[in-house]
Protein chains: 2
Amino acid sequence: MAGTNYQPLDRRKVYEQIAGQLLDQIGTRRLKPGDVLPPERELTESFGVGRSSIREALRMLESQGVIAAATGGAFVVAEPANPLNSSLRLLFSLDERAGMHDLYELRRILECEAAFLAAERRADEHLEAMDTAVAEMEAALADGRGGERFIDADLRFHLAISEATGNRLVLHSMQAVRDVVRRALLTVVLIPRSPESAVVEHRAIRAAIADRDADRARQEMRAHLVRVERDVEQGVGSG
Amino acid sequence: MAGTNYQPLDRRKVYEQIAGQLLDQIGTRRLKPGDVLPPERELTESFGVGRSSIREALRMLESQGVIAAATGGAFVVAEPANPLNSSLRLLFSLDERAGMHDLYELRRILECEAAFLAAERRADEHLEAMDTAVAEMEAALADGRGGERFIDADLRFHLAISEATGNRLVLHSMQAVRDVVRRALLTVVLIPRSPESAVVEHRAIRAAIADRDADRARQEMRAHLVRVERDVEQGVGSG
DNA sequence: ATCGTTCCCCTTGTCGGACAAGCAGACGAG
DNA sequence: CTCGTCTGCTTGTCCGACAAGGGGAACGAT
C-alpha cells in the first residue's frame, strides 16, 4: 500500500489559505502589531482572488482577535493578547455544565501556582509593579467612586505576579479567566470592607513573594481568593 | 454630562449581528450540537440580508469552532469543546516569548491540581475510566506499532482525571494544552522504555486517587510529568 | 501663516447575480 | 439487490454596483 505518496491535495478553501498566509506574516513579524493592513482591493490584486474571499479571511482573523477594525474602516494588527479571552467567554457561555464555581476554581489553581512560581523567580522590578498597583488600589479606595479604577489596579497586581513567573501562557490564561470574572468582581467592590481586606491581603502576598517564600505566597494567595469568592457569593446572595 | 443615556446605537455590522443571533440560539440550545444549519440561501431570506453577510457571519463562527463544515458543504453545530484549543495554538504561535517550556509548565499546573481535586471528588466510574485507559495503553504497547493509539489512550487517562474533578473548565483547559503538546508527545512514544514508565506512573496516580490521597496524587502526577518532559527534551535533543 | 470649512476620493459594508464544482438522493439498467 | 448515471441543490468563488462614512486636500477667512 506504500509507494506513491500523494500530495495532501490542497482542498483548503481560498479564504482559509489567505487567512493562513496573513497569519504567517503576523507570526513572523513581517506584520507587526499596530501596522495597518492594505485595503481590501489591494489584497484582492495581490492574491489574485475576489473580494469576497479576502473579506471572509479578514472576518476569520477578526473574530480571532488577530486584527481589529480601526477608524476609517481599515484594519490593524492587534496587540497579541486576547485570543484566549474571547474563547473562554465563549466556552463558558456554551458549556452549560460549567458554573461560576468552576471559574473561581480554575482561577485559584492558576493564581496560586503563579504566586508560587513568582516567589521563586521575581525580580525587583516585579515587586515595584506590585507596589504601584497596591498604591493605586488605595488611591482608588480613598477616591470614593473608584469601582473601575480599583478593579483595574487589582488586575494589574495579579498581572504583575504572573509576569514575574516569566511564563507567558500562564499570564495569558490568567488574563482570560480574569476577563470572564470581571463582571462578578464589580459587585465585590461594593461589599463593605472587602476592598480594604484585598489591600491587606495583597500586601501579604507581596511580602511573601519578596521573601522568596513560595509556599507562603501560594498560601496567602489562596486565602485571598477564598475570601473574595465568599464575599462575591454573599454579595450576589444579598444584593 | 450625565442624564440622557443614549442607546448604544446599533452600529454593529450586519454580519456581527447575525453571528450573535446564531450564537444565542446555540447557547440556549435551540440549536444543539450536531444540528445542521439551514442553507445559506434560507438564512438569507430569514434574516433578509445578502448572502455575503450570512457567509461572513458563518466564517466568524467557523473560525471560533462553534460550527464546522460537514459533508455536502452544510454546516453543523460543533460539539462544545474546541474553542480553547485553537486559541491556545494561535496564542502559542503568535507570542514569540512563549516557549515549549511554558507549555509544559502550564500543563503541570493544571494536571497536578486536577489530580489533587480528582482524588477528593472521584467516583468509582472515574476509576473505571482510568483503568480502561491504562489497559488500552498496555494493549497499544503490546501491539507494537501503536503510536497514535497509545497517545490517545494516554489522553483518555488524563481526561478521566479532569473529568473526576467535576470542573468543566479545567477539563477544557487541559484538553487545549494537551492538544498543543500532542505533536511533541509523538516523539516521546519512540523513546525506549518511556511508554512503559508512563504505564507504571499512571498506575501510581490512579492508586493515589483511588485512596483519596490528594497530596500523593498531585505528587505522583508531578513526578510523571517531570519525567515525560525530560524524556521529550532528550528525544528532541538526540533525535 | 494658521485656522476652520467644504468637498472629493477612497474604503468599507452590503446587496444581487452569475457560474463551476461537489455531494446526495433518485432513478433506471443489469 | 447492486451499480452507474442523472438531476437538483448547496457551497465556493468571482464580479459589479451602490450608499455611507472618514480622511485629507483645497480653499477661503482671519
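Throughout, a chain's letter reflects where its sequence line sits, starting with A, and its residues are numbered from 1. All values derive from a computational prediction rather than experimental measurement.
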Spacing between [X] atom [atom1] and [N] atom [atom2], to the nearest angstrom:
| X | N | atom1 | atom2 | result |
| --- | --- | --- | --- | --- |
| B/I54 | C/dG17 | CD1 | P | 16 Å |
| B/K13 | C/dT14 | NZ | C1' | 12 Å |
| B/R55 | C/dC15 | CZ | C1' | 15 Å |
| B/F75 | D/dT11 | CZ | C1' | 8 Å |
| B/L58 | D/dT10 | CG | P | 14 Å |
| A/E16 | D/dT11 | CD | C1' | 13 Å |
| A/E56 | D/dT11 | CD | P | 12 Å |
| B/E62 | D/dG12 | CD | P | 8 Å |

Nucleotide of [options] approaching [X] most closely (side-chain heavy atoms):
| X | options | answer |
| --- | --- | --- |
| B/V14 | C/dT14, D/dT13, C/dT12 | C/dT14 |
| B/R51 | D/dC14, C/dT12, D/dG12 | D/dG12 |
| B/S53 | D/dC14, D/dG12, C/dT14 | C/dT14 |
| A/R41 | D/dG12, C/dT11, D/dC15 | C/dT11 |

Identify the two heavy atoms, one from B/D102 and one from A/G166, that lie closest to each other, and give their separation to 0.1 Å.
OD1-O, 4.0 Å

Considering all heavy atoms of both residues, which atom of B/Q175 and which atom of B/N85 are nearest to each other, and what is their separation?
C-OD1, 4.2 Å

By salt bridge (charged side-chain N to carboxylate O under 4.0 Å, His left out), B/E128 pairs with (sequence neighbours left out) none

Take the angle between the ring planes of B/F157 and B/H202 and call it parallel below 30°, perpendicular above 60°, tilted in between.
parallel

